[in-house]
Every structure is written in structure tokens, then in C-alpha cells.
Amino acid sequence: MKIKDSQDLKLLNTFGLSVVAKNLIPIYSENDIFEALVAGFSPIKILGGGSNILLTKDVNGYLLHCQIKGIQIIDEDENQVLIEVGAGEFWHNLVLWSISQNLGGLENLSLIPGSVGAAPMQNIGAYGVEQKESFHSLTAILLTKGIRKTFYNEDCRFGYRESIFKNECKDQYFITRVRYLLNKKNHKLNISYGAIQDILSSNNITNPSIKDVSNAIIEIRSSKLPNPNVIGNAGSFFKNPVIDLSSFTELQKIYPNMPYYENGDGRIKIPAGWLIEQAGFKGRNDGKIGVHKDQALVLVNFGQGHGKDIYALALEIKDVVLDKFKIDIHPEVNIW
Ligand code: FAD
Ligand code: NAP
């Protein structure tokens with residue numbers, strides 16, 4: 001185990017924010033974690049790919065940077081394959097691996113940045129699919145006691161961009177390995193969302209494969225989303241609010257063009273990006289930080305910004321949206 005003193009985290013978070021980690025420790029195995037715990041390191045924070053955090057100040061204490069690698073098949077039958085993946089693998093590399101093996105389940109989650117260990121944290125989702133649909137179980141280490149625990153799907157309390165690890169168990173566990181159950185046969189593709197079908201049709205694909213769907217999603221994402229290597233961001237800053245039907249009906253009388261989606265439980269999901277745009281924030285910036293000009297849900301750092309200013313902007317957006325629509329929006333990004 002090697003401790004790196006006073007490390008600038010600029011290259012380790014996709015907002016590209018420059019803050020100092022007092023002690024940064026790369027973690028290659030469970031043993032490295034046990035060593036840190038035996039040494040009494042505290043407080044501990046865990047860093048994956050840094051694509052879902054907003055750094056508002058220096059990180060004191062010990063920052064464990066997950067680098068646990070490996071993808072292996074641990075069980076299979078004629079229909080399915082159970083794989084185990086090191087938490088430090090890049091999520092998109094796992095998706096590409098699954099596609100190279102012609103295994104279905106993760107294709108709609110193509111090109112999501114970050115690590116495998118963070119995927120269950122907020123139950124990553126895109127294009128109508130969430131990781132919980134293929135998730136089998138994970139291994140995590142309880143940091144206060146140094147004991148290993150297995151969490152099965154139902155233990156994780158997965159919800160819309162939520163899990164037990166963002167709530168009751170926040171900052172308590174280091175996720176080391178995640179297991180997914182992928183389909184060899186009879187895999188049902190989900191191509192109903194957004195422009196997937198249009199892209200497939202424009203490429204004359206009538207009977208798409210898993211790879212075709214992944215390629216279509218990569219094409220859509222590359223054209224729509226700001227690339228963090230070009231402009232610092234952490235994807236969607238806020239979660240889409242879900243409101244009850246009576247509030248929705250009242251709001252729709254005032255905003256008849258408001259986009260909405262039925263949530264499947266009688267409630268209605270409103271795209272937070274639309275609310276932020278209507279509140280007048282789309283494209284607003286001070287030259288250092290701001291709201292993306294095309295995607296109002298994405299807050300950006302143009303290079304020289306500070307996390308505390310992005311956070312102040314997020315709070316202002318939240319207040320204005322609450323005032324205008326009586327809808328309280330909540331960050332998806334973890335504020336440090
Ligand atoms: P980090 O940002 O490093 O950490 C996030 C949180 O997880 C922190 O609280 C951290 O402490 C914790 N954590 C990380 N690793 C571990 C571990 N091994 N054990 C315990 N806790 C851990 N998200 C979506 O859901 N869908 C999308 O489509 C999507 N698109 C995105 C597009 C862009 C351009 C960007 C920048 C982000 C996007 N995101 C999306 C958000 C982000 O990519 C995901 O949330 C991703 O899972 C974060 O992974 P990470 O390794 O970067 O996590
Ligand atoms: P989009 O397709 O323009 O849609 C805007 C919003 O409307 C999305 O947030 C989405 O909700 C919702 N939506 C669209 N079609 C829907 C449908 N058929 N059923 C239910 N909800 C629908 O969104 P986008 O910004 O280009 O993103 C595309 C996908 O990638 C979305 O799933 C989005 O969540 C995901 N994504 C996530 C992040 C992140 O950081 N979390 C960043 C970029 C993209 P949902 O978000 O609930 O899907």
C-alpha cells in the first residue's frame with residue numbers, strides 16, 4: 001500500500017476541479033483495504049472514476065482510489081452467465097467485454113463513465129434500463145469493522161438513481177466486487193427509448209443485435225452529451241423529479257407543453273432539464289462555471305472554476321425551480 005501525499009485531484013474527477021487530497025491511496029486488492037483499516041486510517045472516503053462527485057473543498061483524511069481489476073465468468077448454464085467484476089474496472093470496458101461475448105443485459109448502459117464499483121451506488125441507468133436488471137450481488141467491506149459482506153439484489157434497495165449505499169449505508173462500505181447475470185439466449189432488447197429505433201432504421205438495421213443497440217447508443221450519446229475531456233461536467237446534475245398526479249394536473253394547466261413521462265406507479269416524472277431551462281438557466285455562465293448551453297441538466301466547469309461556485313449555482317437553480325414550479329429537485333451528483 002502506497003500513500004501519495006497532497007495530490008491534486010484535477011485529473012481524477014470529470015468536473016476537472018482542482019482540490020488537494022491529503023492522502024491518496026491506490027487500492028489494488030481487498031488486502032490493501034484491510035491494511036488501511038489495520039493502520040487506523042480515518043476518516044476514509046472512496047474514489048472511483050470521479051464522474052459523479054462535485055469537489056467543493058480539499059479532501060482531508062484518507063482517499064482510497066479503487067483500482068481493483070478483473071472480469072471473470074464464475075458460473076453459467078445454457079441460458080445465462082454469472083460474471084464477477086473488480087470494482088475498479090471501467091464500466092464501459094465491462095459493457096464492451098459483455099458485447100464481445102455476445103452477452104445481453106448491459107448494452108443500453110454503453111458509454112457511461114466511471115467504475116463498476118460505483119454502478120450499484122446510484123443504480124446507474126440510461127435509455128430505459130438500470131443496472132439492477134442484470135445485477136446479481138456484490139461484495140463489500142464494512143469500513144468500521146473490516147468485515148466482508150455480500151449484498152444480493154434485494155438487499156441493495158435499488159431505486160431511481162438510488163441504493164442503500166447512497167442512504168442508510170452511506171460511506172460505510174467499500175464495494176470490491178460486483179456480479180452480474182447476463183443473457184446468452186432469449187435476450188430481450190429494449191430499443192423503445194429515445195432515438196435508438198431511429199438510428200437503427202437510418203442504418204437499415206431491422207433485426208438488431210446486442211452490438212447494434214450498443215453502437216446506436218454510443219452514437220446518440222456522443223452527439224448529445226458534453227465530453228468531460230473537453231468541458232468539465234458530471235453528467236446530469238439533478239435527478240428527474242417524480243410528482244403525484246394531482247400536482248401534475250395543476251401544473252399542466254399552467255404549462256400545457258410541459259414534457260412528462262408516466263412513472264409506472266401512478267406518479268409522473270418531469271425532466272429536470274426542462275424545468276431548469278424554463279427557469280432561465282440554460283447556457284447561463286460566468287465564464288468559469290455554468291449551465292451547459294444545450295443540456296440544462298448538465299453543470300459545467302470551463303477549466304478554472306471552483307466546486308463551491310458550482311454548488312452555489314446548483315442551490316440557486318434548486319431555489320428558483322422550487323419557487324416557479326413548487327417542485328423540489330435533488331442533486332444526483334455526490335457533493336464532497
Ligand atoms: P465516483 O464519482 O468516483 O464516486 C461516486 C460515489 O460512489 C462517491 O460517493 C464514491 O465515494 C462512491 N464510490 C465509488 N466507488 C466506490 C466503491 N468501490 N465502493 C463504495 N463506494 C464507491 N450516470 C447514470 O446513471 N447514467 C448515465 O447515463 C450517466 N451518464 C453520464 C455521462 C457523463 C458525461 C458523466 C460525466 C456522468 C454520467 N453519469 C451517468 C454519472 C456517473 O458516470 C455514474 O454515476 C458512475 O457510476 C460514477 O462512477 P465513478 O466511478 O466515477 O464514481
Ligand atoms: P433524453 O433522452 O433527452 O430525455 C430527457 C429526460 O426525459 C431523461 O432524463 C429521461 O429520463 C426522460 N425520458 C426520455 N424518454 C423517456 C421515456 N421513453 N420514458 C421515460 N423517460 C424518458 O435524455 P438524455 O439527456 O439524452 O439522456 C439519455 C439517457 O441517458 C437518459 O436515460 C438519461 O438518464 C441518461 N443519462 C444520464 C446521465 C447522468 O448523469 N445520470 C447523463 C447523461 C445521460 P431518465 O433519465 O429517467 O431516463
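In what follows, every heavy atom counts, from backbone to side chain, and hydrogens, waters and symmetry copies are set aside. All ligand and atom numbering here is 1-based and tracks the order in the structure. Not measured: the values here are computed from a predicted model.
Ranked by closest heavy atom to atom 50 (P) of ligand 1, the top entry among G88, P226, G49, C66 is G49. Between atom 33 (C) of ligand 2 and the options R161, E332, E262, R221, the minimum heavy-atom separation is to R161. In this structure, of S236, P259, A234, the residue bringing a heavy atom nearest to atom 40 (O) of ligand 2 is S236. Counting heavy atoms only, Y193 comes closest to atom 22 (C) of ligand 2 of the residues W274, F238, Y260, Y193.
Polar contact with ligand 1: absent for I124 (N/O pair, distance under 3.5 Å). In terms of polar-atom proximity, D171 is not counted as a contact of ligand 1, lacking any N or O under 3.5 Å from an N or O of the ligand. The N/O atoms of T14, backbone and side chain alike, include none that comes under 3.5 Å of an N/O atom in ligand 1.
Within the 4.0 Å heavy-atom criterion, the part of N334 lying near ligand 1 is the side chain and not the backbone. When non-hydrogen atoms are compared, ligand 1 lies under 4.0 Å from the backbone of N233 as well as from its side chain. Using a 4.0 Å cut-off between heavy atoms, A234 contacts ligand 1 through its backbone alone, with no side-chain atom that close. With a heavy-atom cut-off of 4.0 Å, R221 touches ligand 1 through its side chain alone. Contacts between N240 and ligand 2, counted as non-hydrogen atom pairs separated by less than 4.0 Å, involve the side chain only. Residue contacts with ligand 1 for W336 involve side-chain atoms from C-beta outward but no N, CA, C or O (heavy atoms, distance under 4.0 Å).
What sits closest to atom 21 (N) of ligand 1 on the protein, heavy atoms only, is M121 SD, 3.6 Å. Here the heavy atom of the protein found nearest to atom 11 (O) of ligand 2 is K269 NZ, 3.0 Å. Looking only at protein heavy atoms, the nearest one to atom 27 (O) of ligand 2 is Y127 OH, 4.3 Å. Protein heavy atom in closest approach to atom 20 (C) of ligand 1: Y173 O, 3.3 Å. Regarding atom 19 (N) of ligand 1, its nearest protein heavy-atom neighbour is I175 N, 2.8 Å. Looking from atom 4 (O) of ligand 1 to the surrounding protein, the closest heavy atom is I53 CG2, 4.0 Å. Scanning all protein heavy atoms for the shortest distance to atom 23 (N) of ligand 1 gives Q122 NE2, 3.1 Å. Protein heavy atom at the shortest distance from atom 46 (C) of ligand 1 is P113 O, 3.5 Å. The protein heavy-atom contact nearest to atom 14 (C) of ligand 1 is A118 CB, 3.7 Å. At the top of the distance list for atom 22 (C) of ligand 1, counting protein heavy atoms only, stands I46 CG2, 3.8 Å.
Within a 6.0 Å radius of CZ in F281, other residues, nucleotides and ligands contribute more than 12 heavy atoms. Within 6.0 Å of the CD atom in Q172, the count of heavy atoms belonging to other residues, nucleotides or ligands exceeds 12. The environment of K22 atom NZ is sparse: at most 12 non-hydrogen atoms of other residues, nucleotides or ligands sit within 6.0 angstrom. In this structure, I147 places its CD1 atom where more than 12 heavy-atom neighbours from other residues, nucleotides or ligands lie under 6.0 Å away. In this structure, Y160 places its OH atom where more than 12 heavy-atom neighbours from other residues, nucleotides or ligands lie under 6.0 Å away. Within 6.0 Å of CD on E262 lie no more than 12 heavy atoms contributed by other residues, nucleotides or ligands. Under a cut-off of 6.0 angstrom, the local environment of NZ in K326 is crowded, with over 12 non-hydrogen atoms contributed by other residues, nucleotides or ligands.
Residue contact annotation: Y160 has a non-hydrogen atom under 4.0 Å from ligand 2. A heavy-atom separation below 4.0 Å is not found between K166 and ligand 1.
The shortest heavy-atom contact between I327 and V321 is O-CG1, 3.6 Å.
Taking the six-membered ring where the residue is Trp, F248 and Y260 present tilted rings, their angle falling between 30° and 60°.
Of all atoms in ligand 1, listed by their number and element, those nearer than 4.0 Å to a heavy atom of G125 are 24 (C), 25 (O), 26 (N), 27 (C), 28 (O). Shown in contact with G235 at under 4.0 Å from a heavy atom are these atoms of ligand 2, numbered in order with element: 40 (O). In summary, the atoms of ligand 1 found under 4.0 Å from a heavy atom of F174, numbered by their order in the structure, are 18 (N), 19 (N). Close contacts between ligand 1 and G50 involve ligand atoms 1 (P), 2 (O), 3 (O), 50 (P), 52 (O) [criterion: under 4.0 Å to a heavy atom]. Of all atoms in ligand 1, listed by their number and element, those nearer than 4.0 Å to a heavy atom of G114 are 49 (O), 50 (P), 51 (O), 52 (O). Close contacts of ligand 1 with A126, meaning ligand atoms under 4.0 Å from a residue heavy atom, involve 28 (O). Ligand-side atoms of ligand 2 in range of L225: 43 (C), 44 (C), range being under 4.0 angstrom from any heavy atom. Interface atoms of ligand 2 facing K224, defined by a heavy-atom separation under 4.0 Å, are 1 (P), 2 (O), 3 (O), 24 (P), 26 (O). If you number the atoms of ligand 1 from 1 as listed, the ones under 4.0 Å from a heavy atom of G235 come out as 33 (C), 35 (C), 36 (C), 37 (C). In the vicinity of G48, heavy-atom distances shorter than 4.0 Å reach the ligand 1 atoms 3 (O), 14 (C), 51 (O).
Remark: of the listed residues R179, R148, R177, E84, R179 is the sole one forming a side-chain hydrogen bond (donor to acceptor under 3.5 Å, both in side chains) with T139. Paired with Q122 under the rule side chain to side chain contact (heavy atoms under 4.5 Å, CB included), one option of R161, Q131, E130 passes, and it is R161. With L181 as the fixed residue, the side chain to side chain contact (heavy atoms under 4.5 Å, CB included) test singles out one of L103, I83, L82: L82.
You'll find the ring centres of Y180 and W97 outside the 6.0 Å limit.
In this structure, K288 is not positioned above the aromatic face of F302 in the sense of NZ or CZ being under 6.0 Å from the six-membered ring centre and within 45° of the axis. Taking the ring axis of F90 as reference, the NZ or CZ atom of K69 stays within 45° of it and closer than 6.0 Å to the ring centre. Judged by the 6.0 Å distance and 45° axis criteria, K57 is not positioned over the aromatic ring of W336.
Taking a distance limit of 4.0 Å, we find that atom 5 (C) of ligand 2 is approached by no protein heavy atom.
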